[in-house]
Structure formats: structure tokens, C-alpha cells
Amino acid sequence: MPYRARRPAGTRPARTRLLLTALLLFTAAVGLGPLGAQPAGAASNLVRNPGLEVLDGPSQFPQCFEKSGWGDNDFSFAVTDDAHSGSRAVRIQLTRRADGDRKTMMLENSCAPQVTPDHQYDLSFWYRSSTPDVAFTLFRHDTAQGWVYWTDLKTLPPSAAWTRTEVRTPVIPPNTDRITWGGALYGVGTLTTDDYAMTDATVPAEPDPCATGGTGPECRGRWTVQTADAPVRAIHSVLLHTGKVLLIAGSGNDQDAFRAGTFKTSLFDPATGGYTDIPTPEDFFCAGHVQLPDGRVLVVGGNKDYAAPDGSVGYKGLKSSYVFDPARNTYVRVNDMLAGHWYPSATAMGNGDVVALGGLGEDSSGTVVNEHFSYARNTWLPMGEAKQAWSFWGLYPSMILLQDGRLFYTGSHVFGNGLPGTGASVYDYDAGTISEVPGLRKKDERDQSMSVLLPPAQDQKVLTMGGGHHVVAPDAHRLTDLIDLKAASPQYVPGPDLPQGHYADGSPQTGAQGKVYLSAVILPDGTVLETGGALHTYREDPVFEASLYDPATNTFQAGLATDPVPRTYHSSSTLLPDGRVLSIGNNPGDGSFDQRVSIYQPPYLFRGDRPQITSLASTRWTYGTTQRITVDKPVVKASLIRPAAVTHSSDPNQRYVDLPMTVDGTTIDLSLTSNPNLAPPGWYMLSVVDAGGVPSVSRWVRIGSEGQVAAARVQSFADELKASEPGTSESHASGPATSAPGTSAPGTSAPAQESAHRHHGVKMAEGYDGCDHAYGEISQCVPWSFPKMPRAERCTWLLDKGYGRLKVHGRDRHHLDRDKDGIACGKGDVRRS
């Protein structure tokens, strides 16, 4: 057939000295020889730049690939962001054909994969095609004849979706040292290709020690516990653009400290291990927090008062708010919010503003008031400017900014059941509409779960991991659910189960046992570290387990080294600029607090020398621009990671933004997205990663010039979801229902809406979060801690308060079921005088 003809030599690009230099560097990057001391692994992909992510500087075409073909036809080649993975693919279009073909293939030089005579090779790529006129074609380099057409192995059917095609070559003929191959388009239509792979099918892959029981740090990583404890009970961890970590305690869940007005914050320096005390004006215990575009930290609300010991009054939220200034190490008060908030979430928007919502108000009711902080005005907006949906979103609701400016409520929250309906939704803050998103499993058992916008943010995929609710089920579960928010009608689908760990006594987890209080940290290599947690939501039974989740394969790598310190309630984990992870906090049900600090070194820190960013043209980046850096060795990807602001398994602003690269030797141009909704303005950690998956130490850059804002819409991916106006039966304003024990929800009538407007809250169970719901009915509130008295007198005290017999739902931590019949404060449990 005519498309088999060899391309004319004149179609080959000129081989300038600059390009040869770049290609040689890239050869080292993709590693036909290893970089540093790399562990053995599976069969190597022999294709250089297989994902087409690296562009050649002079040609602006994927490095090591060329526009190939011959004949009388009208065609175009385009590098597109409609990729199978990453940010780049190549699209060929034929609009007229008399004869010949067009194809994307490896350059006929040192970029062409080397082969060995008598071997066979497996070749594959991903493609989309509108025509059946596509062939899988191969050329080979004969040491005597030069480059010649070899064979076509397969005709590819049309496919509107990304499809993987794979062939095995015939035995490599004698005198052949290289081949080049790809998809040849020989009919009118389009062909888009991405993610090429080639492995030697003749020689078995060298076993990967990390996949066959390897236990070294290059497989499992390493934890180190700092010799000095943190000076505060760190409830909150916020990474600053100075590289230091703000550890906020407030009263630290210590009522004696609250009564004494002893509120604490400490600034930890990972470089020196030192701490700096920060004067703390109010109780920021269980506040919200988020970095502003200039690097200051906005602190949202906190604790106005603790729940009464007898459960008659619940926790109360502060309406005051402060900004922490890293330049002066001080808190500066801003104006009060519209309502109090204890356990609120705060989400950075594309224009630098912050939307805060959820939590408990000044009267212990569930806050239905939205707060809007204007970065330009440095103030919380008044009622009428802050847009309201009058919906209760729960406590620490995970609310992630999407690329079109809307917010995704993932279903992760703290305390109680999930929200009504499906438990997840898309919230259009500007329009005031709420669209339910289906598919989240066990939506009422997502207390203290964690949700992550997966790397890269451009993919708009979210993973929700673990969770529980001991009144509904005795143990936390190990479910994960994944959603693609770029789909026309997004819905959660089941993800892989969380790996299981062991308990303090060494016994393994079994059955469906999973975790609450887990942490999930985005790493610079594009994976997610999952660590810490406990079996029960009442702060007991820590689980020792850690794994790496790979978004590209949707799999967990289990068996990582585990933090020797239990990490349950009030624990958090934070990525540091050097690629390590800090873990801190643990607040068991007995009221103690573990103040040891652990540092994790992921496996990539034990896999050879790290690349370095040797220079930055600028540390101030504007959206939609190209930014130049230089490196000391070849790298294959670059990214920006937003610094963490995490508490209670919640950081809705955590994200990893891919930076497509154009390479010219050791000079790299990085393309920053033009959409601030993908990367809200602020300081980010810039890192590059080599072919072995080893990241550089990060450099800090600030993105988003003053006044630059996001477009109103980028794509209408969720418009098909059923949206409801506030006050209708589908709206969250229909009441929190099971969101909190004993909640009485406002109705959907006009008087009920007026009540929500007037009181800015929904009634919560008395003593909310001051209750141990391991006893009695959901409407009953057994205190977390009793007045000082012998254990045997606790039932008498409860009976005097009007409590009766209480069913035990979990561990009898208060020793109220002395005769072990499953009923607390029954006939055999009461001490008689």
C-alpha cells in the first residue's frame, strides 16, 4: 500500500548543535543508563520523551519526535493539551488525500530506540482517531542500507475515547540497530497520539526489589522522631513561604488553659529544629485558616467557649478573625465576621478572595452564614455583599475550588452524619445553586475522612479516603471514592481500598477495618502520601500504616515505613520545601496530647542525586506566561504545589499544578496556566523531577499579579447536574437532617427561611462535640470528661442528671458497664451506698 513508503530524507529537521546538545541531555534524563544509584525495576521504556511532555526549543514539537510522512495530501500537525495523561499530545489532521500518509514518529537519530537482532519488542501508544485509515507502522535502521521501511503490524479501529494499542514486533533482522514507529494516518480524518512505550519482550525484566519484599528506605522511606517535643499542642499546621511551619494550638483542647486565657502558637523552623513563641490573642482552637496571595495567613474564627461538662451547652464559635504576618511574626486583627465559626472551612478563590463557611456559631448552633473575605479590601464583606445560600455545610466541610470557579463539596466533614441527599455536591457560590453529585459510598460515614484534588489540578479529579461514624458503624471503613469533575455529568466511582496496617499491639487490621483521622499529602513526584489514622472516631485504636497513591495508575503502594508515633485526633501532616513530610499531633480520648514531631523522608530521597534548580528568571509569575529556569541535570517534569494549611484531616486548598516544559539544553521554559481557578494566587513551591522520580528542593515563587482575576467560566462541565435554588426541596437549606445529632432542621417554607436569615444557624444537639456518643441514643450526650470522682460513682452522677440505662455502642471508655452486659448504668453498674 502507498502509505508504506519511506519518508523522503528532505523532510527530516536540521540537526543543529543546540538540538544535539539537548538530545544528549535528554538521553541521560530518560535513562538508557541509570541516574545515580537507582534500584532495579521493571522493563525499561526505551522511548525517550514517551509522554510527549518535553518540547524541543527550536521546533516547539515534542523532543525526540518529528512530523513525518509523504505523498499528495493536505495535512496539519498540532501539539494539543487534549492529552491521555499530562499536558501534551500530538494531533494529525488530513483534510484531502490523493496518496501517502502522515505520522508522528521518533527522530531517525540517537532518539530512535536501540534494538538487538533476534530480540522482539512490545510497542504501544494511546490514541484517538476519527477514521479507520490508521496503521501501526515500523521503520528500521540497517547498518548497511540506512533507514528503510520495515512493516505494518496492525490497522487501528476508530475510537472517540482514548484507547491503548499494542503490538509485538517480528524478530529483529540481522544488521538492525534501531527502529522508529508510530501510527500512520492515510485517510481523511484526525489521529491524536500520546504515551508511547517500548519494552524488550525477549529478556525478562530485572525484578524490582521494592515489589518483591524490599525493606530499604529506597522502597519504604524513613521516619525520624525529633528529640525535642513541640512546645505547643499543635492542632493546626500551616506552611509559610518562609519555609517555616506555623503550629497553632490556641487552648489546645485544654479547658484549664482556656479558663486561664493561655493561648499558644509556635513557629517551627525545619532547617534548625528550633521554635519561636508567637503571642496569641484569642483561642484559635479549631479555627479555619488559609494563605492569602501575599503570604499572610487568614485565621477564621475559633473557640468562644467549651461545651459544658454536663452537656447542657455545646461549643461556641468566635466571630473574630486575625491575619498572621510572617514578616513580623504577629497576629493582626481584622474586622469581625457576620457570625461565629468553630470548625469552619476556608477556600481560596481565583481572585485572591476567601470564602469561609460551616461550623458552629456563637450560640452553639450550626452556622448557615457564608463569609467572604475581600483580599483587595483586607476585610470581611458585610451582609448583602457576601453571597448566601443559607445552607448548613457541617463542620470542616471539604470545599475545593474547581477550574470554573465553582466549589466542590466532597462529602468529607467532621462529626455526625453526612449532609442530606447524596452527600456531595457542586456549589455555585455566585449563582447560589447547589447541584448534587451521586456515587459517594457510605456518605454518612465520612467523619474525619480526607479528600484531595489529585495531581495534576488540571485533571480535576478528587479522591476521598476513609472515614467513619461510630454510632452508625463500630469501625472506620477503608473505602476510597474517585470523581472526574471534567466529565459531563460527574459522579463518584469506587477507588481502590485503603491498605491496612496494624495496631499498637502488633495485631493486623482485618476485614473491612479502615481509618479515620488519616492524613494525605501531595508529593512533588505527583503521588500522594497517605499516613496515620485510627480505627474509631472516638480517638482510640491508632493504626500504624502508610502508603503512596499514584493517580496515574489509581493504585496504592502499600508497606511504607510507618510513623512510630500514633497520629489520631488533632494530627496533621505537611509537605516541606525539601520534599520531606512533617507529622505532628495526637489527642487520644483520655485528654492527653502527644507533642512529638516526626519527619518522613519518602523513598525518592534515597534514589540518587537530586536535580537542582540553579536559577530562576523571576520569582513573581503572571498567569498565562512562560517562565524560564535553569537546571543542573536533565528533568522530565515540573510543578507548583500550594503550601499546606491543614487540620482535622482537612485542607481543601491543597493542589499540584502541572507546568508543561520546553527544553533547550539545561534551560527550561515553563508554561503557567492562564486560569487562576486552577492555581489561586499566592506563594507556591516550584520543583522539578528527574527521570528516576527524584525531585529537587523546591524554590518559592509567587503567582498572580495584583488585580488579575479568573474568567467567570472556563467550561460548563457540571451544568447537566440537577441544580436547585436555596429554599427548594433539593437544596442543602432543607436542613442538616442527619448532619448533627438531634438537629431540628429549618423547613422549606418562607417562615423557616426567614428564621434562618434571622438566627444564622440551625439547632444542634446539646453539648455537640462535648458528647461521647458511644453511649445511649444519638440525641443523648454523655460528657467526654466527668467531674473528679471515683469511676464507680459516674453512673450515680448520670442518673442524678436524668440519664437512664445507656446502650454501649463501642468501647466502654468511661467504665460505665461494670457487669459487661452491654448496658451502661444498668442495675448491676450503679454503686449503692
Side-chain angles (χ1 to χ4, degrees), residues 21-31 34-36 38 48-57 62-64 85-88 239 241 243 455-458 521-529 550-552 575-581 601-621 625-643 655-673 678-679 683-703:
T21 302
L23 293 175
L24 289 171
L25 284 167
F26 194 81
T27 299
V30 297
L35 255 178
Q38 303 293 337
R48 305 177 191 179
N49 194 20
L52 310 178
E53 294 300 298
V54 180
L55 296 187
D56 167 62
Q63 198 171 73
C64 278
S85 69
S87 302
R88 289 182 175 137
L239 178 62
H241 71 280
Q458 288 91 333
V521 181
I522 294 174
L523 300 180
D525 65 351
T527 61
V528 179
L529 171 69
D550 185 351
L575 176 68
L576 300 176
D578 61 8
R580 299 179 299 163
V581 176
Q601 296 168 277
Y604 54 58
L605 295 182
F606 300 93
R607 294 179 176 172
D609 295 335
R610 306 181 69 174
Q612 296 181 41
I613 301 172
T614 53
S615 71
L616 289 171
S618 173
T619 59
R620 298 292 298 267
W621 293 12
T625 60
T626 298
Q627 300 293 329
R628 177 160 292 182
I629 67 172
T630 60
V631 294
D632 70 333
K633 62 191 300 187
V635 296
V636 296
K637 62 181 175 181
S639 67
L640 295 172
I641 296 180
R642 187 176 177 92
R655 61 185 55 213
Y656 168 116
V657 182
D658 181 52
L659 297 172
M661 303 192 310
T662 300
V663 175
D664 189 353
T666 57
T667 300
I668 300 175
D669 287 336
L670 304 174
S671 299
L672 177 63
T673 177
L678 282 174
W683 287 91
Y684 285 74
M685 292 178 281
L686 166 68
S687 63
V688 295
V689 179
D690 71 16
V694 180
S696 67
V697 172
S698 295
R699 301 282 294 269
W700 287 98
V701 298
R702 181 179 173 184
I703 66 173

Taking Arg642 for the side chain and Val657 for the main chain, is one N or O donor matched with an acceptor at less than 3.5 Å?
no

Where Ala457 and Leu678 come nearest, the two heavy atoms and their spacing
O-CD2, 3.6 Å

Expected output: side-chain Lys633 to main-chain Asp609 donor-acceptor under 3.5 Å
yes

Does the side-chain contact (heavy atoms from CB on, under 4.5 Å) test come out yes or no for Met661 and Leu670, once each step is laid out?
CA-CA 5 Å; Met661 303 192 310; Leu670 304 174; 3.7 Å; yes

Search all heavy atoms of Gln63 against all heavy atoms of Asn49 and return the closest pair with its distance.
O-ND2, 3.0 Å

Hey, does Asp632 have a side-chain heavy atom less than 4.5 Å from the side chain of Pro611?
yes

Student check: side-chain heavy atoms of Ile522 and Leu575 closer than 4.5 Å
no

Pro62 and Leu55: which non-hydrogen atoms are nearest, and at how many Å?
N-CD2, 3.7 Å

Restricting to side-chain contact (heavy atoms from CB on, under 4.5 Å), what partner residues turn up for Ser687, sequence neighbours left out?
Pro524, Ser639, Ser696, Ser698

What's the separation between atom OH in Tyr656 and atom CG in Leu640, rounded to the nearest 0.5 Å?
9.5 Å

Those residues that, when tested against Asp669, pass salt bridge (Lys or Arg N to Asp or Glu O under 4.0 Å) (two or more places apart):
Arg628

Calculate, to the nearest 0.5 Å, the distance between atoms CD and CZ belonging to Gln601 and Arg580 respectively.
6.5 Å

Side chain of Gln458, backbone of Asp658: donor and acceptor closer than 3.5 Å?
yes

If the plane angle is over 60° it's perpendicular, under 30° parallel, otherwise tilted; pick one for Trp700 and Trp683.
perpendicular

I'd like to know if the side chain of Tyr604 reaches the main chain of Gly579, judged simply by a donor and an acceptor atom lying under 3.5 Å from each other, with no hydrogens or angles considered.
yes

Return the minimal non-hydrogen interatomic distance between Met685 and Pro643, and the atom names on each side.
CE-CA, 4.2 Å

Arg699: which residues meet the salt bridge (Lys or Arg N to Asp or Glu O under 4.0 Å) condition with it, sequence neighbours left out?
none

Qualifying residues under side-chain contact (heavy atoms from CB on, under 4.5 Å), relative to Val689, sequence neighbours excluded:
Lys637, Pro695

Has the side chain of Glu53 got a donor or acceptor atom that lies under 3.5 Å from a matching backbone atom of Pro660?
no

Closest non-hydrogen atom pair between Leu52 and Arg88, with its separation:
O-CB, 3.5 Å

Which residues pass the side-chain contact (heavy atoms from CB on, under 4.5 Å) test with Gln627, sequence neighbours left out?
Ser618, Trp621, Thr625

Decide yes or no for Ile641 and Pro455: does some side-chain heavy atom of the first lie under 4.5 Å from some side-chain heavy atom of the second?
no

Of all the heavy-atom pairs spanning Leu686 and Ile613, show the shortest one and how long it is.
O-CD1, 3.7 Å

Can you list the residues that meet the salt bridge (Lys or Arg N to Asp or Glu O under 4.0 Å) rule with Asp525, with sequence neighbours excluded?
none

Side chains of Thr630 and Thr666 only: does a donor on one sit below 3.5 Å from an acceptor on the other?
no

